[in-house]
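Working notes, beginning with the structure itself.
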Amino acid sequence: MSILVIAEHDNKALNAATLNVVAAAQKIGGDITVLVAGSGAQAVADQAAKVAGVSKVLLADDAAYANQLAENVAKLVAELGKGYNHILAASTTTGKNILPRAAALLDVSMITDIIAVDSANTFKRPIYAGNAIATVESSESVIVATVRGTAFDAVAAEGGSAAVEAAASTGDAGISKFINEEIVKSERPELTAARIVVSGGRGVGSGENYHKILDPLADKLGAAQGASRAAVDAGFVPNDMQVGQTGKIVAPDLYIAVGISGAIQHLAGMKESKVIVAINKDEEAPINAVADYWLVGDLNTVIPELVSKI
Ligand SMILES: Cc1cc2nc3c(=O)[nH]c(=O)nc-3n(C[C@H](O)[C@H](O)[C@H](O)COP(=O)(O)OP(=O)(O)OC[C@H]3O[C@@H](n4cnc5c(N)ncnc54)[C@H](O)[C@@H]3O)c2cc1C
């Protein structure tokens, strides 16, 4: 079995999400090759070569891959991927942008968001916002799948000694152009990798109140910050903070949901968290069903009191 894992990176460092994908590849079993498509990305390839369980690293270094334009990277993945049994990427914004295009170019169907590997061609994936788990068997010549990172424990970032080989670029597909990017800079941990997440919902009332009430709590706990879709749609915080079915999937050790009712679409993104704490003034709020600890009260008084006691 030969597996091609698409590395996620920023041309400088390998994103930790790739380590979870390698873990899923190990469950399938076989030779694992990591593809680093980037520009000036030798350092990323060197890091990927050290990842435990990786047999080979392919580095496609070309200006066409500098900004991970999905059209360009998908063309490369489809070209290189022909020689593999599986092509895997993280179920992140980047992975979800690239892999469907690569699958279409290879003329195969793809499997999204796998959470378990039953065999080399049979996988489990959540459906209906995580309320049911489908077992999917693929008979495609190349199995193309995105991997839900929180479902697979990351392999060690060190310990491997794979060879790095150059891969020929397939160049610019000529159908998209990089204009600019706006990156939110934050001192806080990255939402999907954080050990503790503090999330705010519509109950927080405003963007100003979100920061006034929740920033001190997140600061004290060293937590990442998240939000419900209602809070994002109301403009309290940017939409890359959204947790849920159409946002990010998180599974931290501790998830604190503040002023969030617990709609199934929100639960789909956080119910695998190890300990869930809900703070809500409504004792009937559905988040109660998944919360380990449940505090009924007004967040505007409860949270400052909590912060003062930590
Ligand atoms: C296709 C689809 C996809 C979706 N994807 C997502 C998704 O990815 N993520 C997501 O979150 N939602 C998603 N939604 C929206 C989801 O259905 C809910 O509308 C949303 O999660 C509600 O957000 P909320 O809990 O912040 O708001 P509400 O449901 O309005 O709840 C606010 C809560 O705050 C409490 N509250 C109010 N004031 C206070 C106070 N002073 N102190 C304490 N508690 C207070 C209230 O009791 C209430 O429980 C999706 C919906 C659809 C249809």
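One-based numbering, in listed order, for ligands and for the atoms of each.
- Looking only at atom types and distance, the side chain of Gln225 has a donor-acceptor partner in the side chain of Arg188 under 3.5 Å away.
- Using modelled atom types, one finds a donor on one side chain and an acceptor on the other under 3.5 Å when comparing Ser2 with Asn85.
- An N or O contact shorter than 3.5 Å is missing between Ala285 and ligand 1 by distance.
- By the definition of a contact as any protein heavy atom under 4.0 Å away, atom 19 (O) of ligand 1 is not in contact.
- Close contacts between ligand 1 and Gly247 involve ligand atoms 8 (O) [criterion: under 4.0 Å to a heavy atom].
- Neither side chain, Asn121 nor Glu140, offers a donor N or O lying under 3.5 Å from an acceptor on the other.
- Of all atoms in ligand 1, numbered sequentially from 1 with element shown, those under 4.0 Å from a heavy atom of Gly244 are 7 (C), 8 (O), 9 (N).
- For the residue pair Ser228 and Gln242, no side-chain donor N or O sits within less than 3.5 Å of a side-chain acceptor on the partner.
- Taking distance alone, with nitrogen or oxygen atoms compared against 3.5 Å, Gly259 approaches ligand 1 more closely than that limit.
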Exercise for the section: With side-chain contact (heavy atoms from CB on, under 4.5 Å) as the test, would you mind laying out the steps for Ser141 and Val108 before giving the verdict? Expected result: CA-CA 8 Å; Ser141 52; Val108 296; 4.2 Å; yes
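- The nearest protein atom to atom 45 (C) of ligand 1, hydrogens excluded, is given as Lys281 CG, 3.7 Å; this is a heavy-atom distance.
- Ser176 and Glu71 are linked by a side-chain donor-acceptor pair at a separation below 3.5 angstrom, with hydrogens and angles left out of the test.
- Among protein heavy atoms, the minimum distance from atom 53 (C) of ligand 1 is reached at Gln265 NE2, 3.8 Å.
- Between the side chains of Asn280 and Asp282, no donor-acceptor pair of N or O atoms lies under 3.5 Å.
- Contacts between Ala263 and ligand 1 below 4.0 angstrom, taking non-hydrogen atoms only, involve the side chain exclusively.
- Close contacts between ligand 1 and Ala230 involve ligand atoms 22 (C), 23 (O), 24 (P), 26 (O), 27 (O) [criterion: under 4.0 Å to a heavy atom].
- Close N/O approach between Ala231 and ligand 1 is not found [any backbone or side-chain N/O within under 3.5 Å].
- Taking atom 41 (N) of ligand 1 as the reference point, the nearest protein heavy-atom neighbour is Asp298 OD1, 3.0 Å.
- In summary, of the residues considered (Val243, Asp240, Val237), a side-chain contact (heavy atoms from CB on, under 4.5 Å) with Val232 occurs for Val237 alone.
- In the vicinity of Gln245, heavy-atom distances shorter than 4.0 Å reach the ligand 1 atoms 7 (C), 8 (O).
- For atom 3 (C) of ligand 1, the closest non-hydrogen atom on the protein side is Arg229 NH1, 3.1 Å.
- Under a hydrophobic clustering in which Ile, Leu, Val, Met, Phe, Trp and Tyr are joined whenever their side-chain heavy atoms come within less than 4.5 Å, directly or via other members, Leu35 and Val5 fall into different clusters.
- Using modelled atom types and a 3.5 Å distance limit, the side chains of Thr301 and Glu305 yield no donor-acceptor pair.
- Remark: the Asp233 side chain and the Asn239 side chain contain no N/O donor-acceptor pair separated by less than 3.5 Å.
- Heavy-atom proximity to Gly297, at under 4.0 Å, picks out these atoms of ligand 1: 42 (N), 43 (C).
- Looking only at heavy atoms of the protein, atom 26 (O) of ligand 1 is closest to Ser228 OG, 2.5 Å.
- Atom 47 (O) of ligand 1 has Asn280 OD1, 2.7 Å as its closest protein atom, hydrogens excluded (heavy atom only).
- Between the Asp46 side chain and the Ala49 main chain, no donor and acceptor come within less than 3.5 Å of each other.
- Looking only at protein heavy atoms, the nearest one to atom 28 (P) of ligand 1 is Ser261 OG, 3.6 Å.
- Annotation: atom 7 (C) of ligand 1 to nearest protein heavy atom, Gln242 NE2, 3.1 Å.
- Contact analysis leaves Ala129 out of contact with ligand 1, as no non-hydrogen atom separation drops below 4.0 angstrom.
- Atom numbering of ligand 1 starts at 1 in the shown order; those under 4.0 Å from a heavy atom of Val243 are 7 (C), 8 (O), 9 (N), 10 (C), 11 (O).
- Here Ile287 has no heavy atoms under 4.0 Å from ligand 1, in either its backbone or its side chain.
- The atoms of ligand 1 that sit less than 4.0 Å from any heavy atom of Gly201 are 26 (O).
- Inspection of the Thr135 and Glu137 side chains reveals no N or O donor paired with an N or O acceptor under 3.5 Å.
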